[in-house]
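Heads up: numbering here begins at 1 and tracks the sequence. Note that this is a predicted model, so its numbers are computed, not measured.
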Amino acid sequence: MNLLFTAVIAVTTLVWGIDVATTVWPAGVHPLWVVRQESVLLTGLLSIAMMSLAMLLATRPIWLEAPLGGMDWVYRAHKWAGLLAGLFAILHWLADQAGGPIKSLIGKAGRPPKVEYEGLLGHLQHLAKDMGEWTFYAIVALLLIALWKKFPYRPWRLLHRVMPVLYLILAVHAVLLSPPDYWRQPVGWLVAVLLAVGTYAALCALRGAIGRGRRAVGEIVSIEQPSRELITVSCCLRHGWRGHRPGQFAFVTFDVREGAHPFTIASADRGDGCVTFQIKALGDYTRQLATRLRPGQAVQVEGPYGCFDLARADRRAQQIWVAGGVGVTPFLAWLESLQAAPEQAPVAELHYCTRDRDGDPFVARLERLCAGLPSICLQVHGERQGQRLDADGMMQSIQTARRSEVWFCGPNGLAAALRAGLRRWRQPVRFHQEAFEMR
């Protein structure tokens, strides 16, 4: 993800640098005005680049899953691209507002000539400037809401759907306010490509075309509630389901008004179009599912997505699998898929971290699945029982292996603690993490 952002920023800055190097300013132009104008251009380019990238990533591009590590990481990149776009937009606005202090300091003397259109184009140019400013305020407000984790999901989702419209307004703003000679230079070509990509993505979002080719319809066949905070939903998909690999997830729509939510598929693919989801009550929506869902109810499932895939595990490396709470769902699919061929199971340690081992509904199922897989050693860590997993507890296996890799799905706090502990041991370990944070 960092490499992607670095590449986009580097290419954009390089193209801007080419424009700076080839620009010949008229005699008498003051350096302060030059700095201000080039700052406006650079921050505007970077904001457009990041916003276009965010729009592209929002279309769930399958071809970016492998390079970024899965659709969960694509969505995380989408979020950070949007935040960076907002940051550069703020810097762009500040650079533009710097014209006032510069005029107070040195006056208008030495200011570069402006390109002003006549007639209709002139009116459109002024309109584009005003619309761009108000759109900037709206985007900053939406980005602040996105950072506010306690903001309710449903209104956030509705507000988020305005982003493609705001992007199209800013695209018009960029086209009408760019000098005509830009379009004959690399900087203009870059802007044209960025706007073409972003506009395509925005139109896909407005038409509801995102993920359309990967949607399957079916019905709920059973609902179980093994604990107060957990619900098991089994669905049978009749049309459009492509099958899935153990560990993948899907966007599930139980209610069109609520929209799609991502859930990991907790069952192996049996070729019959049936999938099972283990859903934990983490918010208002998931807490109500137990009372709102019923067998026979229609369901739409989009996917599968994700690269948290057992087939990607390095069989020559020491395997350490770590699940926290409902993060055990991809591992349940892994274990279930291995039941038919136990000899193909890798040698692995499966650490399951839970608040209360005795009352956890997953423990019995994990023990049953692992009983048929001798090469997999299950260790359950109950916090109430004083059994907490840390990096020290994994190091004995890691140190005795030539190479190791950790597959993790669970709370970010536990992941951060384990990563920090492994760094203290200075032991090279590949760490795969399911980044299940979609907003």
Task: Main-chain N/O of Leu369 paired to Gln339 side chain as donor or acceptor, under 3.5 Å - done: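 Confirmed, Gln339 side chain pairs with Leu369 backbone.
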TODO: Please check if the side chain of Gln387 supplies one atom and the backbone of Gly382 the other of a donor-acceptor pair under 3.5 Å.
DONE: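 Judged by distance alone, yes, a pair lies under 3.5 Å.
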Under 3.5 Å, which donor-acceptor pairs link side chains of residues 42-54 to any protein atom two or more places apart or in another chain?
{"from": "Thr43", "atom 1": "OG1", "to": "Ser39", "atom 2": "O", "distance (Å)": "2.7"}
{"from": "Thr43", "atom 1": "OG1", "to": "Val40", "atom 2": "O", "distance (Å)": "3.3"}
{"from": "Thr43", "atom 1": "OG1", "to": "His92", "atom 2": "ND1", "distance (Å)": "3.4"}
{"from": "Ser47", "atom 1": "OG", "to": "Ala85", "atom 2": "O", "distance (Å)": "3.2"}
{"from": "Ser52", "atom 1": "OG", "to": "Ile48", "atom 2": "O", "distance (Å)": "2.8"}
{"from": "Ser52", "atom 1": "OG", "to": "Tyr167", "atom 2": "OH", "distance (Å)": "2.7"}
{"from": "Ser52", "atom 1": "OG", "to": "Leu194", "atom 2": "O", "distance (Å)": "3.0"}

Would you please classify the geometry between the [Y] ring and the [X] ring as parallel, tilted or perpendicular, with 30° and 60° separating the classes?
X	Y	answer
Trp407	Trp334	perpendicular
Tyr75	Phe251	tilted
Tyr137	Trp134	perpendicular

- [ ] With sequence neighbours excluded, give me every side chain to side chain donor-acceptor pair (under 3.5 Å) pair touching residues 368-384.
- [x] His351-His381, Asp356-Arg384
Task: Check: Trp73 ring centroid to Phe308 ring centroid under 6.0 Å - done: no
Open item on the list: For Arg36 versus Ala98, what's the shortest heavy-atom pair and its separation?
Closed with: CG-CB, 4.2 Å
Task: Nearest atoms (heavy-atom pairs only) where Ala266 meets Gln278 - done: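 Shortest heavy-atom separation between Ala266 and Gln278 comes out as CB-CG, 3.5 Å.
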Task: Contacts of type salt bridge (Lys or Arg N to Asp or Glu O under 4.0 Å), residue Arg357, not counting sequence neighbours - done: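 Partners of Arg357 by the salt bridge (Lys or Arg N to Asp or Glu O under 4.0 Å) criterion, ordered by chain and then number, come out as Glu367.
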Open item on the list: Any carboxylate oxygen within less than 4.0 angstrom of a Lys/Arg side-chain nitrogen, looking at Arg312 and Glu405?
Closed with: no
TODO: Determine, for Asp314 against Arg430, whether the closest basic-nitrogen to carboxylate-oxygen distance falls under 4.0 angstrom.
DONE: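 No, Asp314 and Arg430 are not salt-bridged.
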TODO: Please report the C-alpha distance between Ile231 and Thr286 in whole Å, then the side-chain angles of each, then the deciding distance to 0.1 Å, and finally whether the side chain to side chain contact (heavy atoms under 4.5 Å, CB included) criterion is met.
DONE: CA-CA 9 Å; Ile231 179 174; Thr286 49; over 6 Å; no
Open item on the list: Any heavy-atom pair between the side chains of Val221 and Cys274 that's under 4.5 Å?
Closed with: no
Open item on the list: Taking the cut-offs as 6.0 angstrom to the six-membered ring centre and 45 degrees off its axis, would you call Arg419 and Phe408 a cation-pi pair?
Closed with: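 Relative to the ring axis of Phe408, which defines the angle, Arg419 lies outside at least one limit.
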Task: Atom pair CG/CD of Leu237 and Gln300 - distance to nearest 0.5 Å - done: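 With rounding to 0.5 Å, CG (Leu237) is 10.0 Å from CD (Gln300).
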- [ ] Dump the intermediate steps for side chain to side chain contact (heavy atoms under 4.5 Å, CB included) on Leu41 and Tyr182, then the final yes or no.
- [x] CA-CA 11 Å; Leu41 175 60; Tyr182 277 4; 3.5 Å; yes
- [ ] Verify the distance criterion only: is there a donor paired with an acceptor across the side chains of Gln433 and Asp72 at less than 3.5 Å?
- [x]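 Distance-only check fails for Gln433 and Asp72.
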Task: CA sep, side-chain torsions, deciding dist, call: Ile265, Val301, side chain to side chain contact (heavy atoms under 4.5 Å, CB included) - done: CA-CA 11 Å; Ile265 303 170; Val301 178; over 6 Å; no
Open item on the list: Please determine whether the number of non-hydrogen atoms from other residues, nucleotides or ligands lying under 6.0 Å from atom CZ of Arg292 exceeds 12.
Closed with: yes
